[in-house]
Protein chains: 2
Amino acid sequence: MERIAVLPERERGVCCPPTIRLRPEKVAGTSEILKALADPTRLQMAIALRDAKEPLCICDFTATFDLSQPTVSHHMAKLKEAGLVEVTKRGIWSFYRLAPDLPAAGRRILEAIS
Amino acid sequence: MERIAVLPERERGVCCPPTIRLRPEKVAGTSEILKALADPTRLQMAIALRDAKEPLCICDFTATFDLSQPTVSHHMAKLKEAGLVEVTKRGIWSFYRLAPDLPAAGRRILEAIS
DNA sequence: GCAACGCATTGACGATTGTCAATGGGTATG
DNA sequence: CATACCCATTGACAATCGTCAATGCGTTGC
């Protein structure tokens with residue numbers, strides 16, 4: 001990612017379409033992950049799960065954020081749909097943790113955010 | 001980001017709200033960056049700019065994607081609003097490049113995606 | 001059995017988003 | 001001046017999103 005200094009010389013009517021190296025499925029998957037993390041609440045939830053020593057439940061986040069329980073549940077479902085999060089039920093609780101089989105793209109993004 | 005093995009013991013009515021270490025402004029800024037990258041078209045545009053040896057103009061992307069020029073222009077404006085992209089006008093062209101003063105968060109995220 | 005708890009789902013609402021057609025402004029060429 | 005090119009802005013539209021109230025379901029404790 002080095003600095004680009006000069007502007008290219010261009011001729012009228014001639015464009016330089018960049019070649020897209022990424023496969024469409026890869027683009028879709030990555031943008032799904034990004035979309036899941038692009039909401040402030042979900043971003044904080046994901047970071048909390050990333051940094052947590054133990055799995056967390058919905059009620060933990062309901063206590064943290066000023067949001068209703070259905071809303072928190074809805075956000076967590078989005079993280080799960082994106083493959084970022086995994087759930088284990090025990091008793092009346094649903095424990096959430098970061099997906100252990102997180103794809104490399106997701107892992108790198110999660111490590112990049114702060 | 002090590003594996004979490006065991007589930008915590010919980011008591012009814014007692015939750016364990018995670019402590020949010022991130023400042024609210026930081027959360028807002030990062031989620032703005034993520035939101036800007038969360039669209040498939042903008043994701044590909046950002047990656048193209050990241051990997052390009054020279055700045056690119058709007059018409060380059062209009063040729064690449066099957067989208068109207070206003071739409072491409074609109075997407076580029078979103079990347080610019082998020083501080084990811086910088087524009088230099090010369091003649092009839094507007095040349096876009098990755099922002100040289102990209103905040104660390106943005107740079108790490110951009111390097112993480114693929 | 002019954003009440004309380006934790007959670008997911010549904011339905012509804014305003015807000016935001018992605019897209020295009022239409023338009024206008026600036027710049028080069030003839 | 002007139003035309004062609006590149007680009008940004010506006011207005012409009014359907015689609016999606018974030019949120020909550022209401023509801024239902026499974027589990028635990030009395």
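Labels below follow one simple rule: chain letters A, B, ... track the order of the sequence lines, proteins then strands, and each chain is numbered from 1.
Between the P atom of D:dC7 and the CG atom of B:Leu56 lies a distance of 11 Å, rounded to the nearest Å. Atom CD in A:Gln69 sits roughly 7 Å away from atom P in C:dA8 (whole-Å rounding). Rounded to an integer number of Å, the gap from A:Arg10 CZ to D:dC7 P is 8 Å. As a whole-Å value, the separation of A:Phe61 CZ from D:dT19 P is 15 Å. Taking atom CH2 of A:Trp93 as the reference point, atom C1' of D:dC25 lies 17 Å away to the nearest angstrom. In this structure, the CG atom of A:Asp60 is 14 Å from the C1' atom of C:dC5, given to the nearest Å. The interatomic distance linking B:Leu79 (CG) with D:dA8 (C1') rounds to 15 Å, in whole Å. Rounded to whole angstrom, the span from the NZ atom of B:Lys80 across to the P atom of D:dC7 amounts to 14 Å.
B:Arg42 places a side-chain N or O within 3.5 Å of a backbone atom of B:Ala36 that can act as its donor or acceptor partner. Under a 3.5 Å cut-off, the side chain of B:Arg90 and the backbone N or O of A:Pro8 do form a donor-acceptor pair. A donor-acceptor pair is defined here as one N or O able to donate and one able to accept, closer than 3.5 Å; such a pair exists between the side chain of B:Ser31 and the backbone of B:Ala28. Formation of a donor-acceptor pair under 3.5 Å by the B:Arg108 side chain with backbone atoms of A:Ser114 is not found in this model.
Applying the side chain to side chain donor-acceptor pair (under 3.5 Å) criterion to B:Ser73, with sequence neighbours excluded, gives no partner residue.
Using a 30° and 60° split on the angle between ring planes, B:Phe95 and B:Trp93 fall in the tilted class, from 30° to 60°.
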Under 4.0 Å protein heavy-atom contact, by nucleotide of nucleotides 11-18 of chain D - B base, S sugar-phosphate only: ------SS
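Contact annotation for A:Ser94: backbone-only contact, meaning every heavy-atom pair under 4.0 Å involves sugar-phosphate atoms and none involves a base.
For B:Asp66 and A:Ile58, each mapped to the nucleotide of DNA chain C holding its nearest heavy atom, the one lying further toward the 5' end belongs to A:Ile58. Mapped onto DNA chain D by nearest heavy atom, B:Cys57 and A:Val72 fall at different nucleotides, with B:Cys57 at the one closer to the 5' end. Between B:Ser73 and A:Gly91, the residue anchored nearer the 5' end of DNA chain D, judged by the nucleotide with its closest heavy atom, is B:Ser73.
Taking a 6.0 Å sphere around CZ of A:Arg21, one finds it holds 12 or fewer heavy atoms contributed by other residues, nucleotides or ligands.
Considering A:Leu34, A:Val27, A:Thr30 in turn, A:Val27 is the only one that fulfils the side chain to side chain contact (heavy atoms under 4.5 Å, CB included) rule with B:Pro40.
Here B:Tyr96 reaches the OP1 or OP2 of D:dA8: one of its side-chain N or O atoms lies under 4.0 Å away.
Counting heavy atoms from C-beta on, the side chains of B:Val87 and B:Met76 never come closer than 4.5 Å.
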So which protein nitrogen or oxygen atoms get under 3.5 Å of nucleotides 2-5 of chain D's nitrogens or oxygens?
{"from": "D:dC5", "atom 1": "O4'", "to": "A:Arg12", "atom 2": "NH1", "distance (Å)": "3.2"}

